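Bear in mind that the values here come from a model prediction, so they are computed numbers and not experimental data.
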Amino acid sequence: MKETIIALLDEALVTLKQQGVLPADTSPTIKVDPTKDKAHGDYATNLALMLAKPAGKKPRDLAEALVAALPESAAVSKTEIAGPGFINFFAATDAVAQVVAQVLESGDAYGRSLAGQGQKVQVEFVSANPTGPLHVGHGRGAAIGDSLCRLLEAVGHDVTREFYYNDAGAQISNLALSVQARVKGLGPEDAGWPEDGYRGDYIQDVANSYLAGETVHADDRHVTAKGDPEDLDAIREFAVAYLRREQDLDLKAFGVEFDVYFLESSLYEDGKVEATVERLIDQGHTYEEEGALWLRTTDFGDDKDRVMRKKDGGYTYFLPDVAYHLDKWQRGFARVINEQGADHHSTVTRVRAGLQALDAGIPQGWPDYVLHQMVLVTRSGVEVKLSKRAGSYVTLRDLIDEVGRDATRYFLAARRADSQLTFDIDLARSQSNDNPVYYVQYAHARVCSVLRRLEAEGLSFDHDLALANLASLTEDQEKALMNRLARYPEVVAHAAASREPQQVAQYLQDLAADFHTCYNAVKVMVEDDALRNARLALGLATRQVIRNGLDLLGVGAPEEM
C-alpha cells in the first residue's frame with residue numbers, strides 16, 4: 001500500500017511539473033508513513049510542506065494541487081488534507097486485505113528480499129576471551145549479533161559469522177597460573193595464589209580435568225591433559241581448549257553458531273603481526289620513543305598516538321587487532337560489522353587509524369561497529385551480581401537456566417544496543433501480558449488454538465473461499481491488523497539497514513497488540529462460512545508474520561502455552 005501511494009504521488013508530481021506548478025528539476029524523496037491515529041487515515045505524507053518553498057505556494061494550497069493531480073486508484077478510498085498541508089490517505093478495504101493473500105502465498109519468505117544482492121558481510125560478535133564462562137554481557141552480544149546476521153541474510157546478504165578468540169596475552173597467562181595453583185591444591189585465600197588469578201569454581205573444574213588426563217575437543221583441536229603440575233605450557237593449552245569448549249556449549253544452548261573461529265595466536269604463528277608492523281614502518285607512520293615503537297594515529301583522527309610494541313618487546317592489544325582486521329580485508333570482506341561491548345569504544349578510532357596507516361586500500365570508516373551497553377540483572381527489584389560458578393558475575397547459562405532460551409534471547413535483543421538494559425528475571429519468567437516475549441508468543445499460540453477448535457467442531461479452513469472473501473474484513477480492528485502486517489517487509493529492511501534488531505522486537509509487540517485487540521473484538525467462529533474463513537485467513541497470516549519475525553530474533557513460536 002505504501003509503495004502504491006508513493007507511485008501515485010510520483011505521477012502527481014509529473015503532472016504538476018508539466019503544468020508549471022513545480023520546477024521541472026524537482027525530484028524529492030517522497031516520504032509516506034503510517035498514521036498514528038486511524039481517524040486521520042492509514043498513511044500520510046508531508047510532501048506539500050517539503051515542496052511549498054520551491055513551488056512558491058502555501059503548503060496547504062500545494063497539497064490541494066497534489067490531491068487534484070493524483071491518478072484514480074482503487075487502492076485509495078479517499079484523501080484528506082490536514083493541518084498546514086499534510087495529505088492523509090484512506091486505504092480501500094479490498095487493497096488492504098490483499099496483504100493477507102500475499103502473506104499466505106509467501107509463507108516463510110514474506111518480508112525477505114534480495115536487496116543485498118549476495119554481497120558478502122562478515123559479522124564478528126561475542127569474541128570472548130577463553131578465560132571463563134560467558135557472562136550476560138556476552139549473551140547480549142550473542143543475541144544482537146546473531147539476530148543481525150539473520151536480518152542481513154533476510155535481505156539477501158551472504159553472511160559469515162565469526163568469533164575471535166584472544167588466546168594470547170596477559171589474561172591467558174593469568175588463566176594458566178590460576179589453573180596451575182588449583183592443580184597444586186591452592187585456593188584464592190592462600191598466600192601463593194596468583195595476584196591476578198581467576199577465582200571462580202570453574203577453575204577447579206579445569207584443574208580436576210587436567211589432573212584426570214581428560215581429552216577436550218574444541219572446534220579445530222583435541223587436547224589431552226598431561227596431568228603434570230609443573231608444565232605451565234601444557235596447562236595453558238589445556239585450559240584454553242577446555243574453556244573454548246565450555247563457551248561453545250553455552251552458545252549452542254543459546255542457539256548461536258559460528259562459521260569461523262579465529263585464534264589471535266594464529267596471527268603470531270603465521271607471522272601476520274610482524275608483517276603488519278613492517279608494513280606500518282614502511283609507510284612511514286611509526287617512530288620510536290623511550291624504547292617503544294609508536295604509531296602516529298593522530299595523522300588519522302585519533303586523539304593521541306598509540307604504542308604498538310612495548311619496551312619489553314611485547315605487543316599491545318592494538319597491534320594484533322589491526323593485523324586481524326587486515327586479514328579480514330584480505331579475505332575479501334568489503335563489509336565487516338563488529339558487535340562488541342561499549343568498553344571497546346576507544347578501540348574503534350585507533351583500529352580504523354591503524355588500518356588507514358597501512359595504505360592497503362581500505363576505505364575510511366571501515367569496519368562498521370555496533371556497540372552494546374551493559375546489562376543489569378535483577379530479581380525482586382534487587383541487582384543479581386554473583387554466580388558461584390563464575391565467582392564474580394552472572395553467566396549466560398545462569399539466565400538460560402532461570403528463564404529459558406527464548407526469553408533470554410528476546411530480552412537481550414529487544415532494546416537498542418546503545419541503551420543500558422535491565423534484565424528483570426521475574427518479568428522474564430512471568431506468564432502475563434507485561435512479559436513481551438510471552439505476549440508475542442501467546443498471539444501465535446492463540447491462532448493455533450482457534451485452528452484446534454475448528455477441527456474439534458468438524459470444520460476445516462477453505463483457502464479459496466477465504467481469499468475470495470477478504471473484502472468482508474471491514475471492522476476497524478481487522479483493518480488495523482492488516483495494515484500492520486503490510487508494514488513487516490519495510491521493518492525488516494529498515495532494521496537490517498540500520499543494524500537494529502530491536503526494531504523487529506518492537507514491531508512484533510505492536511503486531512501482537514493489534515491481534516489481541518482484534519481477537520477480543522471480532523468473533524472468528526461465526527456461522528457464515530465466507531466470513532469465518534476470511535477471518536481465519538487473517539489469523540493465519542498474523543501467525544505467519546509472528547513466526548517469521550521471531551525467527552529473525554532466534555526465538556521459537558510455540559503452538560500451545
Side-chain angles (χ1 to χ4, degrees), residues 126-139 141-142 163 165-254 256 261 263-265 341 375 377 379 383-403 405 408 425:
V126 183
S127 295
N129 296 332
T131 55
L134 296 176
H135 57 60
V136 65
H138 295 134
F163 190 123
Y165 276 112
N166 292 108
D167 64 333
Q171 291 181 325
I172 299 301
S173 296
N174 290 334
L175 170 67
L177 291 171
S178 303
V179 175
Q180 185 181 49
R182 284 290 194 183
V183 166
K184 293 181 176 182
L186 297 177
E189 69 284 350
D190 294 323
W193 186 258
E195 182 179 354
D196 296 319
Y198 294 96
R199 296 169 173 265
D201 285 358
Y202 69 93
I203 296 295
Q204 185 67 64
D205 296 337
V206 179
N208 292 342
S209 295
Y210 179 78
L211 287 171
E214 293 183 6
T215 298
V216 171
H217 307 283
D219 186 45
D220 62 340
R221 64 189 60 191
H222 311 289
V223 179
T224 299
K226 291 185 177 180
D228 182 357
E230 302 302 328
D231 193 336
L232 189 60
D233 288 337
I235 292 173
R236 178 187 297 106
E237 182 183 20
F238 180 81
V240 168
Y242 183 102
L243 290 168
R244 283 183 59 193
R245 181 191 66 182
E246 290 299 297
Q247 290 182 355
D248 191 44
L249 290 173
D250 285 347
L251 288 169
K252 285 182 178 177
F254 203 42
V256 175
Y261 291 93
L263 303 183
E264 180 188 355
S265 58
V375 182
V377 181
R379 180 190 283 111
E383 181 180 358
V384 179
K385 292 184 177 181
L386 303 179
S387 162
K388 186 173 187 296
R389 179 168 173 248
S392 59
Y393 56 83
V394 179
T395 69
L396 174 60
R397 185 59 69 94
D398 290 334
L399 281 187
I400 296 173
D401 291 345
E402 282 269 3
V403 305
R405 187 176 86 179
T408 303
I425 289 177

Approximate separation, where rounding is to 0.5 Å, of Glu264 CD and Tyr165 OH: 13.5 Å
Pair Glu237 + Arg221: basic N to acidic O under 4.0 Å: no
Taking the side chain as every heavy atom from C-beta outward, state whether Tyr210 and Asp231 have any atom pair closer than 4.5 Å. yes
Taking all atoms of both residues into account, what is the closest heavy-atom pair of Thr224 and Gly213, and its distance? CG2-O, 3.8 Å
Distance from Tyr198 atom OH to Leu243 atom CG, nearest 0.5 Å? 10.0 Å
side-chain contact (heavy atoms from CB on, under 4.5 Å) assessment of Arg244 paired with Leu263: CA-CA 11 Å; Arg244 283 183 59 193; Leu263 303 183; 3.6 Å; yes
Rounded to the nearest 0.5 Å, the CD1 atom of Ile235 sits from the CG atom of Leu177 at a distance of 9.0 Å
Quick one: CD1 on Ile425 to CD on Glu402, what's the gap to the nearest 0.5 Å? 4.5 Å
With no hydrogens and no angle check, is any side-chain donor or acceptor of Asn208 less than 3.5 Å from a backbone partner on Asp205? no
Side chain proximity check, Thr408 to Leu396, heavy atoms < 4.5 angstrom: yes
Ignoring hydrogens and geometry, is there a side-chain-to-backbone donor-acceptor pair from Gln247 to Asn129 under 3.5 Å? yes
Considering non-hydrogen atoms only, spot the tightest contact between Arg236 and Ser173 and give its length. NH2-OG, 4.3 Å
Between Pro188 and Arg182 the two heavy atoms that sit nearest each other are CD-NH2, 3.4 Å
Look at the side chain of Tyr242 and the backbone N and O of Val223, then say whether any donor-acceptor pair between them is shorter than 3.5 Å. no
Please name the pair of heavy atoms, one in Ser127 and one in Asn166, separated by the smallest distance, quoted to 0.1 Å. O-OD1, 4.2 Å
Please tell me if the side chains of Lys226 and Phe238 come closer than 4.5 Å, counting only heavy atoms from C-beta onward. no
Of all the heavy-atom pairs spanning Gly197 and Ser178, show the shortest one and how long it is. CA-OG, 3.1 Å
Do the charged groups of Lys252 and Asp248 touch, with an N to O distance under 4.0 Å? yes
In the structure I gave you, are the side-chain heavy atoms of Pro130 and Arg245 within less than 4.5 Å of one another anywhere? no
Nearest 0.5 Å, what's the CG-CD1 distance between Asp250 and Ile400? 6.5 Å
Could you go step by step and tell me if Val206 and Glu246 meet the side-chain contact (heavy atoms from CB on, under 4.5 Å) rule? CA-CA 10 Å; Val206 179; Glu246 290 299 297; over 6 Å; no
Can Val240 and Leu175 be said to form a side-chain contact (heavy atoms from CB on, under 4.5 Å), step by step? CA-CA 8 Å; Val240 168; Leu175 170 67; 4.3 Å; yes
Separation between CG (Leu134) and CG (Leu251), nearest 0.5 Å, reads 5.0 Å
Geometric class of the His135/His138 ring pair [parallel <30°, tilted 30-60°, perpendicular >60°]: parallel
Ring geometry between Phe163 and Tyr261 (parallel below 30°, tilted from 30 to 60°, perpendicular above 60°): tilted
If you compare all heavy atoms of Tyr393 against all heavy atoms of Pro133, which two are closest, and at what distance to 0.1 Å? OH-O, 2.7 Å
